[in-house]
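First the structure, in the form of structure tokens, and then the observations on it.
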Amino acid sequence: MGDAIVDAAPGTALDQSSGSVLQGNGGTPLSIIREGVGELAVIDPEVAKKACEEVLEKVKLMHGVSMDSMAKSDDSSGTESTPHTNLELANGEVGDGCEIKCLDDSPSTPSRIQEEDENTANTVKSARRRQKNNSAKQSWLLRLFESKLFDISMAISYLYNSKEPGVQAYIGNRLFCFRNEDVDFYLPQLLNMYIHMDEDVGDAIKPYIVHRCRQSINFSLQCALLLGAYSSDMHISTQRHSRGTKLRKLILSDELKPAHKKRELPSLSPAPDMGLSPSKRTHQRSKSDATVSISLSSNLKRTASNPKVESEDEEFSSSTESLDKSFCSPVRLAPEREFIKSLMAIGKRLATLPTKEQKTQRLISELSLLNHKLPARVWLPTAGFDHHVVRVPHTQAVVLNSKDKAPYLIYVEVLECENFDTTNVPARIPENRIRSTRSVENLPECGITHEQRASSFTTVPNYDNDDEAWSVDDIGELQVELPEMHTNSCDNISQFSVDSITSQESKEPVFIAAGDIRRRLSEQLAHTPTSFRRDPEDPSAVALKEPWQEKVRRIREGSPYGHLPNWRLLSVIVKCGDDLRQELLAFQVLKQLQSIWEQERVPLWIKPYKILVISADSGMIEPVVNAVSIHQVKKQSQLSLLDYFLQEHGNYTTEAFLTAQRNFVQSCAGYCLVCYLLQVKDRHNGNILLDADGHIIHIDFGFILSSSPRNLGFETSAFKLTTEFVDVMGGLDGDMFNYYKMLMLQGLIAARKHMDKVVQIVEIMQQGSQLPCFHGSSTIRNLKERFHMNMTEEQLQMLIDQMVDGSMRSITTKLYDGFQYLTNGIM
Amino acid sequence: MGAPSLWGTALCERKLQLFSSSSSTCSFGRVTTCKQRLCTMAQAEKKGGLLRKSSASKKSLKEKVVLMYDEIFMTEDPSKCSPRFWEELFLMKVNLEYLEGKLESLDGEELVKIKDNINCLFQHCIQALGEEHPIRVVNALQTLCALIRGVHQKNKSTSGFDIINMLVGFDKAELCMKNLMESLDSLLCAEGSESLKSLCLKLLLCLVTVTDNISQNTILEYVMINSIFEAILQILSNPPSRREHGYDAVVLLALLVNYRKYESVNPYIVKLSIVDDEATLNGMGLVIAQALSEYNRQYKDKEEEHQSGFFSALTNMVGSMFIADADEKISVQTNEAILLALYEAVHLNRNFITVLAQSHPEMGLVTVPVSPVPTTPVTPLGTTPPSSDVISSAELPLDADVQTSNLLITFLKYSSIVMQDTKDEHRLHSGKLCLIILTCIAEDQYANAFLHDDNVNFRVNLHRMPMRHRKKAADRNLPCRPLVCAVLDLMVEFIVTHMMKEFPMDLYVRCIQIVHKLLCYQKKCRVRLHYTWRELWSALINLLKFLMSNETVLLAKHNIFTLALMVVNLFNMFITYGDTFLPTPSSYDELYYEIIRMHQNFDNLYSMVLRLSTNAGQWKEPASKVTHALVNIRAIINHFSPKIESYAAVNHIAQLSEDQVLEVVRSNYDTLTLKLQDGLDQYERYSEQHKEAAFFKELVRSISINVRRNLAFNTLSQEVLLKEFSTIS
């Protein structure tokens with residue numbers, strides 16, 4: 001526990017410092033911070049930054065003394081009050097407290113208006129003027145922090161940009177008030193700051209991380225993994241003693257096991273999972289009011305809200321600790337880490353095998369062995385709900401296309417549960433148990449449709465009750481074997497198919513035309529044009545082509561757990577030997593763009609897929625379901641993309657085709673922007689998926705921002721737009737093509753509006769990173785430039801037209817595709 | 001008595017042997033008193049008690065134990081004059097040869113005279129099984145083995161009840177045997193010595209195989225009543241014990257299941273059929289897989305040895321000129337016992353089917369074989385299981401070259417080897433059993449689902465008989481396909497390679513049945529298998545051709561019409577239901593092409609069956625069935641042949657190419673009408689009860705004899721055991 005105690009001290013410091021800032025120093029430190037407001041709201045950040053720096057300098061000179069004294073008081077009080085504060089911070093009562101308050105809080109309009117005022121007023125001048133005038137008004141920055149507009153994105157931004165420990169500490173505290181999901185999004189940023197930035201930021205973040213780790217085992221895992229992955233760029237000697245490594249050890253040492261279980265349930269309920277803005281706003285407003293009142297009656301802060309919390313916590317932790325110990329296995333992360341480790345080990349072993357076929361076989365048998373150890377207290381971190389993994393349908397796994405690595409896709413059967421920690425691990429049901437439901441195997445089952453078969457499965461609702469019936473069944477079966485029963489058993493009756501029964505009923509000979517048989521054969525085969533042929537060199541094509549629902553049904557049918565109502569199927573791509581940190585970065589940017597476009601109501605469609613970074617060279621990816629690569633489409637169908645669309649969705653005029661076309665255009669526009677903004681390279685057809693609805697999805701963000709494959713100078717165009725794509729959109733003159741360009745414009749304008757949110761994600765991750773995408777010094781500047789802040793909308797439109805034009809004509813795109821075809825056989 | 005003192009006694013015993021044998025004049029009474037005295041002496045100077053080994057080698061000197069045996073073979077009670085006789089007996093190393101030989105040398109009447117003593121010995125053996133010190137237990141187990149075998153050897157003619165009486169005595173039999181079985185059970189289940197467990201299994205195997213016909217072995221009634229089934233399962237479910245004893249356990253189980261299988265309720269059948277514990281079933285599957293794959297490996301080694309080098313190839317060629325069956329040399333003794341176990345598992349336990357599909361479970365798991373420190377006692381008393389070395393050495397290496405496998409694949413490979421040569425009786429039996437197992441598999445829904453699973457592809461290298469008219473197939477380039485393709489390949493291979501004078505009619509029937517069952521599944525579940533059906537078709541047509549050309553020879557022995565009917569009906573399956581399971585429209589065209597191309601055979605067959613069905617002979621009925629079945633094939637031939645001829649005439653082509661014929665076929669479907677035949681997709685389910693009973697009786701008999709022959713108790717040197725058990729206490 002030693003580590004925790006030491007780390008708790010900064011926590012106190014944080015509280016005290018912010019407290020003392022609020023009460024003692026006449027608001028000046030806060031007024032410095034206030035300048036940051038300008039930076040946030042101002043469109044041109046450069047100006048604001050300068051202003052902020054200026055003021056900061058000044059204040060440092062002025063209040064250097066008071067800062068020192070502050071630090072001293074921290075040191076002296078820190079050791080004494082450690083246990084209390086530790087608990088206080090760890091238990092999230094701060095957050096709870098403010099939530100309670102938010103409920104009985106009425107909207108405070110005046111302050112809000114003023115905040116908005118302030119946001120609009122953003123020149124350096126006005127900021128300076130206010131600085132002079134605000135002695136009474138306390139702090140504008142604080143007002144901003146407490147305003148409803150202050151969201152997690154801003155918090156992260158201030159945490160990153162502010163050099164003021166007080167502010168950082170305050171924000172560290174504020175993290176407790178945000179919804180878990182919102183903070184989770186910025187977890188990579190938080191942890192990267194924790195690892196690579198100075199002490200103060202780290203100290204500000206740590207309590208929150210520790211608190212969340214205590215709450216959720218999944219969070220603990222993610223933290224541990226990310227900390228490991230982002231520390232790996234450090235020099236090995238510094239890495240060993242770095243903060244990140246220490247925190248990682250702390251998490252893995254299992255000292256952060258949930259301190260209380262009862263607490264978790266109530267804390268879950270007040271945080272509504274649905275709509276984000278309304279609840280959040282009230283929430284923050286209330287918090288701000290609360291803190292305002294506290295800040296006025298300065299000394300009350302700790303006594304009013306926290307002591308109650310503390311005492312309660314102590315009771316809780318002491319009373320439940322013993323329980324917890326009995327509840328939890330000694331190292332709660334161990335099974336999951338073991339699970340991940342074995343998946344990675346499989347990947348490593350597969351990589352040594354020469355052919356796809358051998359890899360697939362090996363994968364299947366390795367997974368069947370893994371199955372013997374399941375169910376276990378393990379879960380898939382990419383899933384969005386609590387669950388236990390019960391089975392890996394090993395025969396369904398496929399090896400994905402990769403030249404030298406062996407990424408593979410597995411499907412994972414899980415049982416959803418309310419709470420991962422408290423729900424017991426499901427009991428193992430042997431593989432062969434599924435046969436009990438198939439005991440009707442002697443019955444004619446031939447022409448039965450899927451629905452019928454499915455319904456016959458649901459007739460065995462509960463496995464437990466089935467147990468007895470099953471053994472009885474067996475004995476009954478067995479008796480057939482015994483002599484007395486056997487003499488005139490009807491067991492010898494052969495299997496009748498529907499066809500032959502009908503033919504038996506009629507005495508008249510039935511005649512059939514050979515032509516009919518032949519015709520039926522070709523018709524039935526023609527009816528399933530969408531299924532891909534099995535190709536030993538590309539085993540994943542067939543597996544990915546199968547509609548997800550179909551696959552789920554099929555696997556459920558074949559699974560001994562399939563009858564359970566909370567059975568779910570998940571899939572995951574296991575990547576071993578690949579660095580997924582860039583993928584994670586891309587995921588975050590895509591997610592951010594997606595929400596920006598949603599917020600701005602631009603109907604652009606992109607599909608960020610979840611990434612789990614396990615280490616600097618391994619990870620998992622949530623596969624996009626119902627999607628195959630364009631390469632696979634072309635290779636399997638031997639059709640042009642447009643013809644494939646026609647085959648899959650119907651003729652030009654059909655509803656299905658038009659919908660698919662619209663989806664295609666919207667996704668195409670979305671990804672073109674993404675590709676442009678992020679400079680996504682290596683865009684061959686193997687890296688572009690096409691889903692069942694017609695959307696395209698770009699995958700593999702291995703080359704973004706400053707990196708490109710082998711720098712061959714290919715792919716100089718802004719994004720990939722081939723004539724085939726344009727053909728699907730209906731040609732250059734079609735409405736859809738114009739719609740496409742319009743969408744791009746709208747998308748770019750919307751993205752520009754929220755540029756900071758996007759840039760921030762990238763910028764923070766650049767800290768301490770050796771990733772190739774940050775190569776060079778101008779990565780962020782170039783990124784910002786691509787938003788073209790200084791252009792008018794007309795100019796932007798011209799830009800879009802230019803880019804589209806250029807991409808279409810781009811010889812290099814064609815060249816690159818040709819190059820890919822020659823070197824990797826990708827069509 | 002504590003262990004150390006017991007140890008002392010044991011040493012003292014050896015000393016006494018010297019003493020008593022040197023002073024042969026001593027009476028027994030004197031010896032025993034002497035011994036007692038010495039015993040105390042020995043205890044006083046425990047450490048000094050060393051024995052001289054050379055003593056036993058002197059022929060004139062009799063071992064102490066032999067003297068004690070002799071005492072038993074007297075009519076009076078040996079414990080009368082020395083009350084601790086039995087206690088001492090089990091401290092001494094058993095002399096199996098002597099005991100068995102002695103029992104054998106006695107004739108029936110003499111044996112009856114010493115019945116009481118034998119009963120007594122038997123009872124004391126059982127008593128000794130419960131003893132604390134393993135040495136006594138080991139000796140008792142070995143004595144029991146000798147006793148059971150000896151009495152049986154003597155009394156081959158007498159009935160089973162007499163044997164029970166002779167061994168145990170009717171009055172005490174039930175209790176005694178109960179105790180015996182319970183002791184064995186607890187020894188097998190205990191965390192005890194592995195050699196001890198092994199010995200227990202040997203004793204059980206000995207007990208089970210003393211008679212040639214297992215069902216006549218009435219003493220097994222007690223094994224039925226006092227089941228050791230659970231102990232066997234426990235051995236199989238626990239990896240280390242499975243590694244050591246799995247083979248014996250599986251063989252024992254297979255034999256027990258066959259005790260009075262058809263006459264009474266055999267509890268082992270009942271229990272085996274409801275086992276659903278995965279670990280146990282997998283363990284059983286693994287033991288079988290290892291035995292089979294070891295066989296495959298041995299065969300392959302021999303084959304390679306056989307073919308390696310130019311010189312040997314040459315001599316082989318020359319040799320084969322003179323020796324009719326050169327490949328006789330590469331025959332490896334087949335293992336029917338393990339095959340029987342596989343059959344019983346597949347046939348009785350439907351859960352076992354899933355095990356067939358399990359990838360070899362040990363693979364990949366890091367199984368550092370639990371340091372086989374004493375390598376000798378692994379198979380100390382071996383029934384010489386061929387697999388023993390694989391079991392103990394690392395289970396399937398993590399080698400990149402090693403293909404993943406499962407029991408089914410191993411079994412298919414094994415079958416392909418066994419079925420190559422069906423000349424000698426053992427192999428014929430094995431081949432037949434293989435086909436029966438495949439029949440059971442082909443009927444099972446789950447197995448079929450797995451066989452046809454498009455996601456699970458394997459490359460199965462079946463062994464193909466080297467034949468003059470075909471090259472040794474470049475099977476390295478085999479495609480990776482669903483397993484059912486391998487089954488079909490195996491069937492095709494069999495069909496093609498067994499058209500010989502000694503026509504294995506029965507095997508052919510089974511083979512065609514298996515194909516039929518697979519087709520029925522495919523039709524039922526609409527599985528479109530991408531298989532080169534053409535190979536099957538031409539194999540079937542060639543089979544018909546063979547039947548007809550050897551009509552007179554074959555008809556003398558077999559009803560060839562059932563086989564012909566089955567073959568024709570397979571074609572009818574393809575013709576009328578092809579739309580449900582053929583992979584492509586063109587494969588349907590190819591079917592027609594093949595029929596038309598080989599129409600001569602069908603024509604001949606038709607004229608033959610027509611001839612026989614019009615004659616009022618014994619073949620009238622079966623032959624007429626074939627005529628009816630041929631209706632569609634004849635319709636096809638009659639429909640297309642003139643069309644093809646006219647096409648050739650019109651286009652002035654002498655010889656039509658395949659594509660041209662196919663073109664004609666394609667354009668003339670619509671004018672052809674076929675008759676839907678009844679019950680093409682029905683089959684009789686396999687049932688062992690009546691049809692196969694005789695076969696299994698014979699099979700079990702030969703297995704029993706084989707197991708008994710291989711059982712050898714005395715291979716376990718006392719020293720190894722002493723070494724092991726001296727450290728236990």
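Letters A, B, ... mirror the listed sequences (proteins, then strands); counts begin at 1.
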_Does any backbone or side-chain atom of B/Tyr592 lie under 4.5 Å from a heavy atom of chain A? Answer side chain, backbone, both or neither._
side chain

*Can we call the ring centroids of B/Phe696 and B/Tyr343 under 6.0 Å apart?*
yes

*Verify whether the ring centers belonging to B/Tyr259 and B/Tyr268 lie closer than 6.0 Å.*
no

*Segment of B/Ile636 engaging chain A (4.5 angstrom heavy-atom cut-off)*: neither

*asked:* I need the single residue from B/Leu672, B/Ile596, B/Thr673 that forms a side chain to side chain contact (heavy atoms under 4.5 Å, CB included) with B/His639. Which is it?
replied: B/Leu672

_Contact origin within B/Thr671 toward chain A - heavy atom pairs under 4.5 Å_ = neither

_I'd like to know whether the aromatic ring centres of B/Tyr686 and B/His347 sit less than 6.0 Å apart in this structure._
yes

